[in-house]
Engineer: 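Handing you this structure, nothing more for now.
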Protein chains: 2
Amino acid sequence: MQMETGNNPGASLIRKLEQRDPLSDEEKHVLANSVARIREFGVDEDLVSEGERPNYSTLLLEGFAARYKDLADGRRQITAIHVPGDFVDLHSFLLHRMDHGIVALTPCRIGAVPHEILRHITERHPHLTRLLWLSTLIDGSIHRESLVGMGRRTALGRMAHLLCELFLRLQVIGQTEGDSFRLPLTQAELGDTLGLSTVHVNRIVQELRTAGLITWRGQVVTIENREGLVEVADFDPAFLHLENEPR
Amino acid sequence: MQMETGNNPGASLIRKLEQRDPLSDEEKHVLANSVARIREFGVDEDLVSEGERPNYSTLLLEGFAARYKDLADGRRQITAIHVPGDFVDLHSFLLHRMDHGIVALTPCRIGAVPHEILRHITERHPHLTRLLWLSTLIDGSIHRESLVGMGRRTALGRMAHLLCELFLRLQVIGQTEGDSFRLPLTQAELGDTLGLSTVHVNRIVQELRTAGLITWRGQVVTIENREGLVEVADFDPAFLHLENEPR
DNA sequence: CGAGGTCTTGAAGACGATCAACAAACGTGG
DNA sequence: CCACGTTTGTTGATCGTCTTCAAGACCTCG
């Protein structure tokens with residue numbers, strides 16, 4: 001279940017943006033040339049650390065990454081899971097200081113896009129600017145949906161919701177196979193994402209399994225009963241804003 | 001504890017943006033002229049409803065408003081509380097379809113900024129565009145901090161954190177008086193915000209009171225022990241990105 | 001002055017955390 | 001290729017935070 005991200009480092013981002021609104025050849029060209037440098041990170045390495053003021057933004061080309069905040073007592077909360085094509089810290093372009101870290105959940109390949117180039121895009125390419133802005137707005141929309149889950153859904157609903165969401169997001173970038181996808185997160189990481197203990201994540205996963213909603217072997221999750229999972233999750237994909245429309 | 005928002009409808013937004021980066025006279029002029037129409041809403045009215053596709057964005061001029069999502073079973077989750085100067089659905093400019101509603105928590109006065117004008121700004125005023133983008137990024141940053149609270153903080157910590165956050169945000173727009181501010185939310189609304197039951201909100205508020213951290217008479221909250229509250233909240237204002245820097 | 005909304009209090013129960021221990025899987029070096 | 005150590009997954013028991021249900025006090029505003 002490996003996919004070709006294409007030779008062009010910007011390919012996955014272009015694909016993701018074009019899902020929402022077609023790009024002109026010129027815009028594609030600008031994006032394709034925006035990656036100044038490719039870097040690789042190993043598991044548990046920070047792509048960017050809290051407190052940094054990077055002068056480039058990080059485009060995730062391959063692998064899974066997570067935004068997280070550490071608490072005073074050593075626990076942590078993952079606030080977002082990122083997949084290839086996600087511009088994981090585009091916000092540092094304007095926010096400057098990272099108020100959270102971004103860690104590699106699997107080995108990651110990233111493209112560094114200098115803020116200078118992003119600034120140039122905002123000066124010269126308004127439509128492309130709107131699409132990059134859009135991509136941060138979708139991040140925000142996902143945050144809001146997570147907030148609903150954390151505040152009002154049970155552990156079971158939250159887990160089911162996350163699986164539905166990741167399935168769709170991975171489908172967009174061609175990283176699903178039928179009803180299956182690779183989910184290389186440990187149960188501890190899922191707990192940090194959903195605000196649950198590792199033990200409880202384990203029990204919830206088993207509940208989803210015995211309910212016949214999913215199978216989960218190794219790192220491969222298969223959705224066995226889509227409708228059932230959607231119902232448990234109370235899942236509505238509207239928050240992903242997958243529609244293709246002029247922006 | 002009333003404040004003058006100035007005669008200019010864009011004044012509170014200009015003030016909020018200038019907090020982060022100075023605006024040119026031309027930019028201020030553009031913003032001041034961006035409000036096409038002023039509207040008033042009563043308590044519990046939707047400024048914007050889920051499912052709508054507004055052709056303008058809503059700038060909150062006066063009053064408190066909340067973004068919320070309703071669940072299938074009738075409960076709701078408030079994902080953000082908004083105060084004057086907040087561009088409450090700037091994201092609808094690019095997201096188009098509202099995937100959540102925005103409700104007036106108090107009587108509200110709003111300015112409607114046509115998407116057409118926002119588009120014009122993105123075409124002609126790159127720096128102003130970046131500042132508007134920034135304002136949505138700060139929304140996202142606040143969402144992430146809320147996520148940390150919902151996932152990992154106790155009810156007491158969450159409540160304390162919310163009070164610290166609102167104090168600072170209200171201070172920026174001149175709506176605090178010493179250590180006091182008006183907080184016109186019911187305990188039920190606070191519960192919907194923090195993911196708690198009304199009953200528990202009540203108990204937590206009393207705990208903060210008896211600990212001598214705050215007083216809360218009528219709708220006026222006074223922080224009696226700033227350090228203590230910050231400690232209980234584990235509060236770090238970095239996520240508000242209040243620094244003034246070139247963007 | 002009355003009525004509905006808001007706040008407050010008590011009691012019982014549920015969901016998920018914590019603690020502890022063990023099993024299984026993985027990866028690394030010999 | 002196997003041995004071993006470490007990480008990840010699994011299970012059980014107990015505990016605590018927060019929910020739910022219920023009822024009464026307060027208060028605000030027509």
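Here is the naming used below: chain letters follow the sequence lines, and residue numbers restart at 1 for every chain.
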Engineer: Determine the contact category for A:Gly191: base if any of its heavy atoms lies under 4.0 Å from a base atom, sugar-phosphate if only primed atoms, P, OP1 or OP2 are that close, otherwise nothing.
Structural biologist: nothing
Engineer: Rounded to the nearest angstrom, tell me the gap between atom CD in A:Glu207 and atom C1' in C:dA14.
Structural biologist: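 So the CD-C1' distance, A:Glu207 to C:dA14, works out to 13 Å.
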Engineer: Would you say a side-chain N or O of B:Gln187 is under 4.0 Å from OP1 or OP2 of C:dG5?
Structural biologist: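 For B:Gln187, the contact criterion (side-chain N or O under 4.0 Å from OP1 or OP2 of C:dG5) is not met.
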Engineer: Could you check how far CG of B:Asp192 sits from P of C:dT6, rounded to whole Å?
Structural biologist: 12 Å
Engineer: Looking only at the aromatic ring of each residue, does the gap between the centers of B:His143 and B:Phe239 stay below 6.0 angstrom?
Structural biologist: no
Engineer: Looking at every heavy atom in both B:Met159 and B:Ile204, which two are closest together, and how far apart are they?
Structural biologist: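 What the structure gives for the nearest pair is CB-CG2, 3.7 Å.
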Engineer: Touch check for A:Ser197, heavy atoms < 4.0 angstrom, all strands: base, sugar-phosphate only, or nothing?
Structural biologist: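 Base, at least one base atom sits under 4.0 Å.
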Engineer: Ignoring hydrogens, what is the shortest heavy-atom contact between A:Arg15 and A:Val172? Give both atom names and the distance.
Structural biologist: NE-O, 3.7 Å
Engineer: Toward the 5' end of DNA chain C, which comes first, A:Arg75 or A:Gly218, by nearest nucleotide?
Structural biologist: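 The residue closer to the strand's 5' end, by nearest nucleotide, is A:Arg75.
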Engineer: Provide, to the nearest angstrom, the distance between the CZ atom belonging to B:Arg153 and the P atom belonging to C:dA17.
Structural biologist: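 Whole-Å distance recorded here is 17 Å.
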Engineer: Remember a base hit wins even if backbone is also touched, and classify B:Arg217 as base, sugar-phosphate or nothing at under 4.0 Å, heavy atoms.
Structural biologist: nothing
Engineer: Rounding to a whole Å, what distance do you find between A:Met150:CE and C:dA17:P?
Structural biologist: 11 Å
Engineer: Return the value, rounded to whole Å, for the distance between atom CD1 of B:Ile204 and atom P of C:dT9.
Structural biologist: 13 Å
Engineer: Closest-nucleotide mapping onto DNA chain D: is A:Asn202 or A:Arg152 further toward the 5' terminus? I mean the 5' end.
Structural biologist: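 First, find each residue's nearest nucleotide; the 5'-ward one identifies A:Asn202.
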Engineer: Show your reasoning for whether ring-ring contact (aromatic ring centres under 6.0 Å, His included) applies to B:His91 and B:His100.
Structural biologist: CA-CA 11 Å; B:His91 54 328; B:His100 61 278; 5.2 Å; yes
Engineer: Between C:dA25 atom P and A:Gln219 atom CD, what is the distance in whole Å?
Structural biologist: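 Value for this atom pair: 14 Å.
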Engineer: Keeping the roles fixed (side chain from B:Gln219, backbone from B:Leu185), state whether a donor-acceptor pair exists under 3.5 Å.
Structural biologist: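 Answer holds: no.
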Engineer: Tell me, please, the opening and closing nucleotides of DNA chain D, 5' to 3', among those with an atom under 4.0 angstrom from a non-hydrogen atom of chain A.
Structural biologist: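 Taking any atom under 4.0 Å from a heavy atom of chain A, the span is D:dT8 to D:dA13.
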Engineer: Starting from P on C:dG16, measure out to CZ on A:Arg203 and report it in whole angstrom.
Structural biologist: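 Going from A:Arg203 (CZ) to C:dG16 (P), I get 12 Å.
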Engineer: Compare every heavy atom of A:Leu60 with every heavy atom of A:Cys108, then report the nearest pair and how far apart it is.
Structural biologist: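 So the two residues come closest at SG-CD1, 3.8 Å.
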Engineer: For B:Thr154, which contact category applies under a 4.0 Å heavy-atom criterion: base, sugar-phosphate, or nothing?
Structural biologist: sugar-phosphate
Engineer: With rounding to the nearest 0.5 Å, note down the distance linking CZ in A:Phe167 to CG in A:Leu183.
Structural biologist: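 Result: 12.5 Å between the selected atoms.
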Engineer: Rounded to the nearest Å, what distance is computed from the CG atom of residue A:Leu190 to the P atom of nucleotide C:dG16?
Structural biologist: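 For the pair A:Leu190 CG and C:dG16 P, the rounded distance is 15 Å.
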Engineer: Could you check whether B:Val205 gets within reach of a base, just the sugar-phosphate, or nothing at all, counting any heavy atom under 4.0 Å?
Structural biologist: nothing
